[in-house]
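Reading through the structure tokens given below for one structure.
Residue numbering restarts at 1 for every chain, and letters A, B, ... go by the order of the sequence lines. The structure presented is a predicted model; accordingly, all values stated were derived computationally and were not measured.
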2 protein chains.
Amino acid sequence: MKQQAIFRALADPTRRAILKRLQGGALSAGDIGAAFDITPASLSHHFAVLKQADLVRTERRGQYIVYSLNSTLMEDIARMVLDLFPPHSPKGGKR
Amino acid sequence: MKQQAIFRALADPTRRAILKRLQGGALSAGDIGAAFDITPASLSHHFAVLKQADLVRTERRGQYIVYSLNSTLMEDIARMVLDLFPPHSPKGGKR
DNA sequence: TAGATATTTAGACAACTTTCTAAATATCGC
DNA sequence: GCGATATTTAGAAAGTTGTCTAAATATCTA
């Protein structure tokens, strides 16, 4: 798990917005881009960063390339973040 | 809560290492810096970024300036991150 | 196969970051 | 108050990032 790639990917607001946009399900690059005032080329760059961090997965579907969240990473990421802070209630439990 | 400041602060490996170093308790700027091959001036810059994100607090103690984690932010940050991904098991439960 | 649509790659540029050295500020002990 | 120690501020250099335009690649439809 490339911690640095993940933190770096999350540092940009456009990329976080892309992730949010994908919460509803997979979308084509174009459909994602429709929400942003940015060129397709710039979008593509952000996708590359997200992909390198393995935060999104791609699948070509005919003419389109469809992006989806890699939500299996979620717990890892949460752990990564929590790991930066001292334990609250050391074992068993959240809450 | 300045989401952007927080994500930006976490994006740098030196700053994450500083946070880890503070897990054991408050330390002076110099004590923190002892672990890094970096000038005091550069360290100070990183402290400023962490402070701006409110991830650390400072207190002058005589000659020293003592840094400590603002761990009350921890849950907010975890939520911020998890918020980027779709809910796993919607209500009640973790695990 | 040709033209249209969707996306990425290449290359350039401005803005921001990380780092440095040098100088400024604050506090301590004498 | 002076000199020493601790930290920050200022200003500059090198590297990285986010954006753009132009061109390349892939797929669809006719």
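- The side chain of B/Ser44 places an N or O atom within less than 4.0 Å of a non-bridging phosphate oxygen (OP1 or OP2) of D/dT8.
- If you measure from atom CG of B/Asp31 to atom P of D/dA6, you get 9 Å, rounded to the nearest angstrom.
- Regarding A/Asp37, its CG atom lies at a distance of 8 Å from the P atom of D/dC20, rounded to whole Å.
- Between B/Leu69 and A/Leu84, the shortest heavy-atom contact is CD1-O, 4.1 Å.
- The side chain of A/Tyr64 contributes no N or O atom lying less than 4.0 Å from OP1 or OP2 of C/dT8.
- Atom pair B/Arg61:CZ and C/dC28:P shows a separation of 12 Å (rounding to whole Å applied).
- OP1 or OP2 of D/dT7 has at least one side-chain nitrogen or oxygen of B/Ser28 nearer than 4.0 Å.
- If you check every strand for non-hydrogen atoms under 4.0 Å, B/Ala29 touches sugar and phosphate atoms only.
- For the residue pair A/Ala9 and A/Leu55, the shortest heavy atom distance occurs at CB-CD1, 3.7 Å.
- Following rounding to the nearest Å, B/Phe47 (CZ) and D/dT8 (C1') show an atom-to-atom distance of 11 Å.
- One finds a side-chain N or O of A/Arg8 lying less than 4.0 angstrom from the OP1 or OP2 phosphate oxygen of D/dG18.
- In plain terms, the two heavy atoms of B/Val56 and B/Tyr67 that are nearest each other are CG2-CD2, 3.9 Å.
- Considering only side-chain N and O atoms, B/Thr39 lies nowhere under 4.0 angstrom from the phosphate OP1 or OP2 of C/dT19.
- Electrostatic pairing of B/Arg61 and B/Glu59 counts as a salt bridge here, judged by a charged N lying under 4.0 Å from a carboxylate O.
- Counting to the nearest Å, the P atom of D/dT7 and the CD1 atom of B/Ile65 are 7 Å from each other.
- Spacing between atom CD of A/Glu59 and atom P of D/dA26 amounts to 18 Å, rounded to whole angstrom units.
- Rounded to whole Å, the distance from CZ on B/Arg60 to P on D/dT5 is 16 Å.
- Under 4.0 angstrom from either OP1 or OP2 of D/dG18 there lies at least one side-chain N or O belonging to A/Arg15.
- When heavy atoms are screened at a 4.0 angstrom cut-off, B/Tyr67 is found touching the sugar-phosphate backbone but no base atom.
- Looking only at side-chain heavy atoms (C-beta outward), A/Val49 and A/His45 come within less than 4.5 Å of each other.
- Between B/Leu43 and B/Gln63, the one whose closest nucleotide on DNA chain D sits nearer the 5' end is B/Gln63.
- A close approach under 4.0 Å does occur between a side-chain nitrogen or oxygen of B/His46 and OP1 or OP2 of C/dT19.
- Nearest-nucleotide mapping onto DNA chain D: of A/Ser42 and A/Gly62, the residue sitting toward the 5' end is A/Ser42.
- Between the P atom of C/dC16 and the NE2 atom of B/His45 lies a distance of 14 Å, rounded to the nearest Å.
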